[in-house]
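Here's the structure we're looking at; comments come further down.
Chain letters run A, B, ... following the sequence lines, proteins first and then strands; every chain starts at 1.
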Number of protein chains: 2
Amino acid sequence: MYAATALSNPPPKIDVSGLALCRGLARQAASRIVAVSTLQRAKAGETLFSEGDDADGVYEVVTGMLRLYKLLPDGRRQITGFLGTGQILGLAPEGTHVYSAEAINDVTLCRYPRAGFERLIDEVPGLARRLLAVTSHELRAAQDQMLLLGRKAAAEKVASFLLLMADQQGNDDEIALPMGRSDIADYLGLTIETVSRTFTKFKTEGLIALPTTYRVEIRDRDQLEDFASGQGDPEL
Amino acid sequence: MYAATALSNPPPKIDVSGLALCRGLARQAASRIVAVSTLQRAKAGETLFSEGDDADGVYEVVTGMLRLYKLLPDGRRQITGFLGTGQILGLAPEGTHVYSAEAINDVTLCRYPRAGFERLIDEVPGLARRLLAVTSHELRAAQDQMLLLGRKAAAEKVASFLLLMADQQGNDDEIALPMGRSDIADYLGLTIETVSRTFTKFKTEGLIALPTTYRVEIRDRDQLEDFASGQGDPEL
DNA sequence: CGCAAACTTGATGTTGCTCAAGCTAGGTGG
DNA sequence: CCACCTAGCTTGAGCAACATCAAGTTTGCG
């Protein structure tokens with residue numbers, strides 16, 4: 001089912017049509033991009049690259065999930081995003097990565113080395129535009145996250161997070177959370193204790209169920225959406 | 001001195017070479033872009049467009065300063081950026097603006113209407129790539145801001161803000177703050193009272209001087225930088 | 001079955017928010 | 001030209017939300 005399974009040594013042909021970076025491009029354009037790409041794997045917890053490293057290429061997540069983050073000198077961490085299948089990372093026109101990237105679980109990636117990729121941007125029609133769409137979409141997500149971090153209360157942050165995850169995963173009310181509580185806390189600008197307490201509160205109120213620590217079931221999406229937009233019942 | 005002054009009815013020729021959007025493009029490419037552009041002005045407090053509006057075009061700030069922001073239904077506001085001379089806004093590949101834009105003081109803009117601009121992206125060599133650089137740079141700023149909003153304490157936020165403004169303005173220790181305290185508060189995820197108290201504290205400690213409400217002089221950049229990166233003396 | 005890591009729950013503390021007065025500067029009209 | 005007026009800034013006192021510190025408890029793995 002997963003490409004990762006099929007890939008277990010030695011890696012066979014990639015399913016070209018599935019690469020998100022090529023979505024919307026002509027067949028010939030897509031095949032030129034695929035030509036420079038290589039598959040890469042990372043184990044859970046492994047670091048792909050760190051903030052400040054030379055950007056050696058662009059990556060696309062094939063399976064698994066990554067966390068992107070920035071650190072303060074004293075170790076405080078802000079996770080800027082969780083990336084799943086089809087999402088792009090590593091675009092760094094200024095030459096160095098501005099965030100670190102780690103695998104949350106085992107991850108398969110498609111890597112486009114910098115050298116070849118840079119050339120393709122100018123040569124492959126539509127590619128620059130496709131990348132523009134990708135970064136614009138990321139920018140939009142970043143702005144939503146700024147609103148969340150700057151102006152939402154803890155319960156509103158957690159509700160927004162659950163709905164975002166549900167959205168990313170398509171399936172409406174059964175969410176997988178591959179990341180731990182401390183990743184969630186560092187994504188929402190909270191502590192793990194506050195995240196945990198809020199989960200418990202939502203469970204007690206019947207908004208969600210927690211079959212396991214890493215799995216959430218949405219029970220009352222409407223009320224969760226009210227919370228996420230700041231209209232939740234403050235009594236709860 | 002300002003283009004705004006020179007422009008007072010009727011607008012004369014634009015100084016093409018000064019348009020930031022065209023930076024790095026060939027002369028002929030630049031002139032095609034300028035051909036579709038029009039000048040536009042906005043008074044202090046005026047709204048350029050609101051979140052959810054159809055994106056009718058791309059803008060470049062020529063003089064003055066804008067605030068970009070998002071709102072929650074109950075009126076809580078998060079300012080996602082302050083834009084000065086040479087900065088681009090309004091790129092919205094999905095067709096609608098994802099933030100609102102207002103003039104802080106009187107502003108002069110260069111507007112590239114959507115219709116013509118879309119075509120140019122495909123036709124003008126290097127333009128798509130130039131736009132990619134612009135959005136990548138914005139994305140970088142957005143990620144810095146996420147770290148600030150999620151993980152920095154009040155004094156660290158204010159110190160970071162002052163240094164950012166100093167940076168944007170080039171001149172090292174005399175900063176103009178065209179925006180009011182409530183704009184600063186909504187940018188940093190604080191209240192105006194906390195911003196005001198922190199300014200007073202920095203002044204008392206000799207890190208800054210406040211000749212007027214809208215003007216800051218940096219007196220001890222090193223210590224301000226320590227604060228901004230979270231290494232400031234917690235005793236202060 | 002035992003161990004360690006991660007999560008949950010509880011008690012207490014602190015930062016920054018809220019509410020409430022003053023204060024100041026800039027603009028207006030007498 | 002000056003006094004007034006108002007919007008915005010500053011300052012203060014009390015409070016609430018979330019962080020911190022400290023045990024327990026669960027989960028998954030060897």
Taking side-chain hydrogen bond (donor to acceptor under 3.5 Å, both in side chains) as the test, write out the residues that go with [X], two or more places apart.
{"X": "A:Ser100", "value": "none"}
{"X": "A:Tyr112", "value": "A:Glu60"}
{"X": "B:Glu174", "value": "B:Arg215"}
{"X": "A:Gln169", "value": "none"}

Scan side-chain atoms only and decide if A:Tyr99 and B:Gln143 contain a donor-acceptor pair under the 3.5 Å cut-off.
-> no
Can you pull the contact range of chain A along DNA chain C, 5' to 3', using atoms under 4.0 angstrom from its heavy atoms?
-> C:dA6 to C:dA11
Once you build an axis from the first five pairs and another from the last five of the helix from C:dC1-D:dG30 to C:dG30-D:dC1, how far apart in angle are they, to 10 degrees?
-> 40°
Sequence neighbours excluded, every pair satisfying salt bridge (Lys or Arg N to Asp or Glu O under 4.0 Å) that has a member inside residues 175-196 of chain A = A:Arg67-A:Asp183, A:Arg77-A:Asp183, A:Arg77-A:Asp186, A:Asp186-B:Arg151
Salt bridge present between B:Glu217 and B:Arg219 (N-O < 4.0 angstrom) = yes
Any side-chain heavy-atom pair from B:Phe202 and B:Leu224 closer than 4.5 angstrom?
-> yes
Would you say the side chain of B:Gln168 lies within less than 4.5 Å of the side chain of B:Met65, judging by non-hydrogen atoms?
-> yes
Base versus backbone protein contacts along nucleotides 13-30 of chain D [heavy-atom cut-off under 4.0 Å; B, S, -] | B----SSBB---------
Of all residues at least two apart in sequence or in a different chain, which pass the salt bridge (Lys or Arg N to Asp or Glu O under 4.0 Å) check with A:Asp74?
-> A:Arg76
Measure from CZ on B:Phe199 to C1' on D:dT11 and round the result to the nearest Å.
-> 16 Å
With sequence neighbours excluded, give me every side chain to side chain donor-acceptor pair (under 3.5 Å) pair touching residues 45-55 of chain B.
-> B:Glu51-B:Lys70
So which of residues 176-186 of chain B are in contact with DNA chain C, with a heavy-atom cut-off of under 4.0 Å?
-> none
Distance-only donor-acceptor pairs under 3.5 Å for side chains of residues 80-92 of chain B, two or more places apart:
from: B:Thr80; atom 1: OG1; to: B:Leu68; atom 2: O; distance (Å): 3.4
from: B:Thr85; atom 1: OG1; to: B:Val62; atom 2: O; distance (Å): 3.1
from: B:Gln87; atom 1: OE1; to: B:Gly84; atom 2: N; distance (Å): 3.0

